[in-house]
Amino acid sequence: MLKGKHIILGITGSIAAYKAAYLLRLLIKQGAEVQVVMTPAGKEFITPVTLSSLSGKPVVSEFFTANTGEWHSHVDLGLWADAMIIAPATASTIGKMAHGIADNMLVTTYLSCKAPVFVAPAMDLDMYAHPSTRHNLDLLRSYGNHIIEPATGELASHLTGKGRMEEPENIVAVLDRFFERKQSLAGKTVLVTAGPTYEKIDPVRFIGNYSSGKMGFALAEACAEAGAEVVLVAGPVALKTGHPSIRRIDVESAAEMYRAAVEAYDHADAAIMCAAVADYAPETVSDVKLKRSGEERVLRLKPNPDIAAELGHRKRAGQYLVGFALETNDEESNARSKMAKKNLDFIVLNSLRDAGAGFRCDTNKVTVIGREGKPVEIPCKLKTEVAVDIVDLLARCMNEGR
Ligand code: PMT
């Protein structure tokens with residue numbers, strides 16, 4: 001997967017800088033083209049000569065070459081790259097990256113980089129555990145960077161505790177997996193529903209729910225990152241979409257979401273139903289604001305269409321349908337009966353009894369339940385990370401024809 005990829009390897013001033021030479025060698029062995037960018041402190045730990053002979057390219061660390069005055073363009077470098085890896089990344093560089101302090105070539109290149117960025121921290125355990133470092137790492141995550149921490153070798157979101165840099169082989173494996181993922185839904189079209197629906201009572205009032213759309217938007221983004229064309233049918237939310245492969249259709253009510261989703265599913269290879277759709281809507285909508293009266297008022301509700309069930313009914317051979325279940329009790333059995341009733345291929349269960357799961361927050365904790373096999377537990381982590389795991393499972397099912 002790394003063959004022919006352009007990679008910027010950023011090296012900072014840590015005792016783990018020697019591992020960067022191994023990492024560089026592994027990347028070159030895999031066929032990647034690597035440009036090393038070092039901070040001034042990085043050069044105290046490993047010589048540019050070692051790195052330039054391994055990469056076959058002069059190391060960049062200053063804005064100008066001292067004797068010729070040649071300008072090194074961080075902008076061109078940022079555009080050239082398919083990925084940037086900062087390994088080892090010290091607390092100081094992480095802090096500068098988090099706050100945009102562009103006082104060296106490495107951080108300037110990072111700020112210009114359009115490609116995905118991977119950060120492998122390396123520092124003393126106390127520095128690593130310090131709230132300031134944790135906060136800066138969280139900031140980097142929130143900018144979409146991938147933090148590679150030891151212990152799992154995966155893109156971890158929690159304090160794993162070691163502070164030492166991840167082993168070069170594991171960093172290469174993470175990168176390899178990342179590029180593999182980028183193609184896992186290539187050529188596919190995926191419909192995603194997200195957010196709440198609002199059911200009008202009168203021109204100023206509605207029945208709604210707490211869904212922010214964060215989980216659904218993260219799924220749309222993860223599908224697009226995996227190479228799919230995405231149709232995102234979104235209820236009323238305050239979120240933005242920027243990915244060129246996401247076509248967004250904004251709707252308000254369940255009836256509008258139903259129409260948009262049914263039409264899009266016809267041309268889709270899969271759908272992920274993450275929206276929190278109102279099950280009922282007022283039977284009549286007043287076209288003037290209802291006035292307060294001293295009397296009791298009764299609001300009659302009529303059932304809304306079940307969008308997922310309708311798509312389940314229309315599902316063709318080779319099409320996939322994934323649902324969500326938000327539960328508060330008897331979680332697994334409720335989720336399983338929704339999966340059967342709506343003819344889903346698998347269902348993603350989140351429970352309001354779990355801390356950090358469900359509506360509005362940036363994290364979720366879910367269990368993915370399929371028709372066969374054991375449920376897959378995804379621990380509490382960022383919704384963006386949960387989305388990548390769910391899309392991985394979907395892509396695996398689709399590519400294996402399960
Ligand atoms: O948006 P966030 O703040 O990030 O929160 C995420 C979330 C909690 C909304 C999300 O993770 C989630 O659980 N979404 C589904 C919530 C829900 O309404 O579940 P349900 O058990 O009522 O519905 C089961 C499935 O049927 C869902 O896939 C739902 O989209 C679908 N459905 C339900 C009713 C209906 N009329 N039409 C549907 O398509």
Side-chain angles (χ1 to χ4, degrees), residues 190-199 207-222 232-239 241 251-262 264-265 268 270-281 301-315 320-369 378 380-387 389-391 394:
V190 182
L191 159 69
V192 178
T193 66
T197 62
Y198 286 179
E199 310 301 329
I207 298 174
N209 61 65
Y210 293 120
S211 172
S212 63
K214 285 180 186 169
M215 189 68 243
F217 275 56
L219 285 159
E221 189 76 24
L232 171 62
V233 179
V237 293
L239 300 177
T241 34
V251 297
E252 186 171 299
S253 63
E256 286 169 18
M257 186 173 276
Y258 174 89
R259 284 194 289 276
V262 165
Y265 193 54
I272 308 177
M273 312 302 285
C274 186
V277 185
D279 286 314
Y280 292 90
L301 301 176
K302 59 173 189 213
N304 271 332
D306 187 327
I307 308 166
E310 179 60 26
L311 300 195
H313 178 64
R314 291 168 180 249
K315 188 165 65 166
Y320 287 80
L321 186 59
V322 177
F324 267 72
L326 178 63
E327 303 295 339
T328 54
N329 58 295
D330 300 327
E331 284 87 344
E332 188 168 335
S333 70
N334 285 337
R336 282 189 186 279
S337 71
K338 283 179 184 167
M339 175 164 61
K341 209 168 113 204
K342 301 178 193 232
N343 192 21
L344 306 172
D345 295 287
F346 62 82
I347 191 157
V348 181
L349 163 66
N350 39 191
S351 171
L352 286 185
R353 284 202 284 190
D354 287 327
F359 289 129
R360 292 194 284 196
C361 48
D362 289 330
T363 55
N364 209 353
K365 173 179 184 292
V366 305
T367 306
V368 181
I369 303 168
I378 302 180
C380 186
K381 52 184 173 177
L382 290 174
K383 282 181 175 164
T384 48
E385 295 171 332
V386 172
D389 290 352
I390 294 169
V391 170
L394 173 64

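Starting from 1, each residue takes its place in the sequence as its number. Just so you know, these numbers use all the heavy atoms, side chains as well, and skip hydrogens, waters and symmetry mates. Each ligand, and each atom within it, is numbered from 1 in the order the structure gives.
Closest heavy-atom approach to atom 10 (C) of ligand 1 within the set Asn350, Val322, Ile307, Leu311: this belongs to Asn350. Among Ala278, Ala308, Cys361, the residue whose heavy atom lies closest to atom 31 (C) of ligand 1 is Ala308. Taking only non-hydrogen atoms, the option from Val237, Leu239, Leu326, Ile347 nearest to atom 19 (O) of ligand 1 is Leu326. Between the choices Met273, Lys383, Lys342, the shortest heavy-atom distance to atom 33 (C) of ligand 1 belongs to Lys342.
Distance check: Ser351 OG to Asp330 CG gives 10.5 Å after rounding to the nearest 0.5 Å.
Checking side-chain atoms of Asn334 against main-chain N and O of Asn329 turns up a donor-acceptor pair under 3.5 Å. In this structure a side-chain-to-backbone donor-acceptor pair under 3.5 Å is missing from Asn350 to Ala357. Put simply, the side chain of Asn364 gets close to the backbone of Gly358: a donor and an acceptor are under 3.5 Å apart. Without hydrogens or angle criteria, Lys383 side chain to Asp362 main chain gives no donor-acceptor distance under 3.5 Å. No side-chain donor-acceptor contact under 3.5 Å links Thr363 to the backbone of Cys380.
Atoms of ligand 1 found under 4.0 Å from any heavy atom of Gly213, numbered from 1 in the order shown, are 1 (O), 2 (P), 3 (O). Residue Ala325 approaches ligand 1 through these ligand atoms, each under 4.0 Å from one of its heavy atoms: 21 (O). Near Gly323, with a cut-off below 4.0 Å to any heavy atom, the atoms of ligand 1 are 28 (O). In the vicinity of Cys274, heavy-atom distances shorter than 4.0 Å reach the ligand 1 atoms 9 (C), 10 (C), 12 (C), 14 (N), 15 (C). Ligand 1 places these atoms under 4.0 Å from at least one heavy atom of Ala275: 15 (C), 16 (C), 18 (O), 29 (C), 30 (O). Ligand-side atoms of ligand 1 in range of Lys214: 1 (O), 2 (P), 4 (O), range being under 4.0 angstrom from any heavy atom.
Residue Phe324 places at least one N or O, backbone or side chain, under 3.5 Å from an N or O of ligand 1. Of the N or O atoms in Asn304, none lie within a sub-3.5 Å distance of an N or O in ligand 1. Geometrically, ligand 1 and Gly195 share no nitrogen or oxygen pair separated by less than 3.5 Å. In terms of N/O distances under 3.5 Å, ligand 1 is approached by Arg360.
Of all protein heavy atoms, the one lying nearest to atom 18 (O) of ligand 1 is Ala276 CA, 3.4 Å. Ranking protein heavy atoms by distance to atom 6 (C) of ligand 1, first place goes to Met215 CB, 3.6 Å. Looking only at heavy atoms of the protein, atom 20 (P) of ligand 1 is closest to Lys338 NZ, 3.7 Å. At the top of the distance list for atom 2 (P) of ligand 1, counting protein heavy atoms only, stands Ser212 OG, 3.3 Å.
Here the side chains of Tyr265 and Leu321 are in contact, with some heavy-atom distance below 4.5 Å. Residues Val322 and Leu344 fail the side-chain proximity criterion, which asks for heavy atoms closer than 4.5 Å. With a 4.5 Å cut-off on side-chain heavy atoms, Leu326 and Tyr210 do not count as touching.
Contact between Ala325 and Lys338 at its shortest, heavy atoms only, is CB-CD, 4.2 Å. Taking each heavy atom of Ala194 and Met257 in turn, the nearest pair found is O-CE, 3.7 Å.
Residue contacts with ligand 1, taken as heavy atom pairs separated by less than 4.0 Å, involve Pro305 solely via the backbone atoms N, CA, C and O. At a 4.0 Å heavy-atom cut-off, ligand 1 touches Asp279 through the side chain alone.
Between Lys315 and Asp345, at least one side-chain nitrogen of the basic residue sits less than 4.0 Å from a carboxylate oxygen of the acidic one, meeting the salt-bridge criterion.
The side chain to side chain contact (heavy atoms under 4.5 Å, CB included) test with Val386 is passed by exactly one of Ile378, Val368, Val391: Ile378.
Contact between Gly216 and ligand 1 is absent, with no heavy atom of the residue lying under 4.0 Å from the ligand.
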